[in-house]
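Starting from 1, each residue takes its place in the sequence as its number.
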Amino acid sequence: MKNLLHEFTIGQPAVYNCQSVDADGQIYGNVLVYWPLLGPPVRGVGFWGDFGLEQDLAYNRLKFKTTWADGPCVIPQGTMLVGQGAQARTVPGAEVFYCSTTVKANCVEPGQAGFFHVKQNQPTFTMMPVGLRVQAHRLRHQGRTQTLWPAIRQYNLESRVNADNVPALVDAMRSRANLMELPKPLPGQRGVAVTLNSVLLGVEIAPTAEQFGRWWAGGLAQSYAVEAVRKARPLRLGPGGIEDILLGADLGIQRGIAGKVINLERKGLRGQAVYYGGRLAYATVLSEEV
């Protein structure tokens, strides 16, 4: 197949030098880079901001709805729902649907309260940290969608943050990152590639630049910023420049097809994609090294 990113060009990167502290108190300087991916829009696909929660069916099932009427709507992998006094949930895999759909979900915080009274307690949509999104991908491919809690406990331990749930962990890591002034999307930016110490962490693609902007502000940027200060990482330069890594053959990784969502799998990388009208409308590709 053609490279996943063959229709995109790379814009001016935004570079952040972040401090990370290991278990012994040693300070490391991690370099986080956001690489803008510029490309023509794919019209007719609903995305971030076009879907909402219709009904809480159970701790492992949620029903989504959309008012998008021009075509399918895509829920990105790793979408997390957080509500005051409610059980936070995340979607382990991308979903494509018309009107409404019931999806599998992972519980990501302890407690008994759910989103049963949606009108009184409308949840906020954000993104789960990239490290846990990788775990969710792996477990979903293994058919173990209800076993995320062990991974969360290990993740919290490695992050050296006293938090018993993912929302509290993210808040603590945001404060540590001090990366609230994140870069604004460029005109025509439909996606982003993120590297940490020259190692590719992930690639994210939305249907249009406007939809990417809503996704970016809605938690996507912070889901990567958390990783920059979560733990110390060595500097590992990849072969050639980052442009070669992003636009070369490394991301031509199409494998099996699961319904309307294409699974992407290659050694060290895992993700999903959605095509519409023969063009790439959505993609998430994450490094298993996170």
Side-chain angles (χ1 to χ4, degrees), residues 2-18 31-51 66-79 94 96 124-127 130 133 174 177-196 198 200-228 241-248 250-252 264 271-287:
K2 291 182 179 180
N3 178 270
L4 194 71
L5 304 178
H6 74 276
E7 65 182 83
F8 294 89
T9 59
I10 302 175
Q12 182 66 34
V15 182
Y16 291 89
N17 293 299
C18 312
V31 181
L32 180 72
V33 183
Y34 295 99
W35 302 81
L37 299 177
L38 313 177
V42 176
R43 304 292 185 186
V45 180
F47 198 63
W48 196 264
D50 299 318
F51 58 81
T66 180
T67 57
W68 186 263
D70 296 334
C73 190
V74 177
I75 303 173
Q77 186 268 352
T79 298
V96 180
T124 299
F125 288 88
T126 185
M127 293 296 294
V130 175
R133 292 175 63 195
R174 282 176 178 173
N178 193 27
L179 288 175
M180 303 310 292
E181 294 297 327
L182 292 165
K184 295 181 180 179
L186 302 177
Q189 182 177 347
R190 277 187 53 205
V192 67
V194 184
T195 59
L196 184 60
S198 300
L200 179 65
L201 293 188
V203 176
E204 314 278 0
I205 300 293
T208 69
E210 179 185 7
Q211 290 167 325
F212 175 79
R214 298 201 303 258
W215 190 22
W216 180 256
L220 180 62
Q222 288 288 359
S223 74
Y224 280 94
V226 166
E227 298 301 323
I242 191 64
E243 291 84 356
D244 297 331
I245 296 174
L246 296 182
L247 302 180
D250 283 345
L251 291 181
L264 305 174
Q272 292 183 299
V274 174
Y275 284 84
Y276 185 69
R279 296 185 56 213
L280 180 66
Y282 159 78
T284 284
V285 179
L286 303 174
S287 169

With a 4.5 Å heavy-atom cut-off, do [X] and [Y] have their side chains touching?
X: V130; Y: V226; answer: no
X: L201; Y: L286; answer: no
X: F47; Y: C73; answer: no
X: Y224; Y: Y34; answer: yes
X: L38; Y: I10; answer: no
X: I205; Y: F212; answer: no

So which atom in [X] and which in [Y] form the shortest heavy-atom distance, rounded to 0.1 Å?
X: L32; Y: A225; value: CD2-CA, 4.0 Å
X: G213; Y: P185; value: CA-CG, 4.1 Å
X: P72; Y: V96; value: CB-CG1, 3.8 Å
X: L186; Y: G11; value: CD1-CA, 4.4 Å
X: W68; Y: G44; value: NE1-O, 3.4 Å
X: G219; Y: T126; value: CA-OG1, 3.6 Å

How would you list, by chain and number, every residue that makes a side-chain contact (heavy atoms from CB on, under 4.5 Å) with [X], sequence neighbours excluded?
X: V15; value: V31, V33
X: A281; value: V42, V45, Y276
X: A221; value: L182, W216

For T284, give me all partners under side-chain hydrogen bond (donor to acceptor under 3.5 Å, both in side chains), at least two apart in sequence or on another chain.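 T284: side-chain hydrogen bond (donor to acceptor under 3.5 Å, both in side chains) contacts with R133, E204, Y282.
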Set out, in order, the CA-CA distance, both residues' side-chain angles and the distance that settles side chain to side chain contact (heavy atoms under 4.5 Å, CB included) for T79 and M127, then state yes or no. CA-CA 5 Å; T79 298; M127 293 296 294; 4.1 Å; yes
Under the salt bridge (Lys or Arg N to Asp or Glu O under 4.0 Å) definition, can you give me all pairs with a residue in residues 3-12, not counting sequence neighbours?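 As it turns out, the salt bridge (Lys or Arg N to Asp or Glu O under 4.0 Å) pairs with a partner in residues 3-12, which skip direct neighbours, are E7-R190, E7-R279.
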Pair listing, salt bridge (Lys or Arg N to Asp or Glu O under 4.0 Å) test, anchored in residues 209-220, at least two apart: D50-R214, E210-R214
How long is the gap from [atom1] on [X] to [atom2] on [Y], to the nearest 0.5 Å?
X: T208; Y: W48; atom1: OG1; atom2: CH2; result: 14.5 Å
X: I75; Y: F51; atom1: CD1; atom2: CZ; result: 5.5 Å
X: L37; Y: Q189; atom1: CG; atom2: CD; result: 7.0 Å

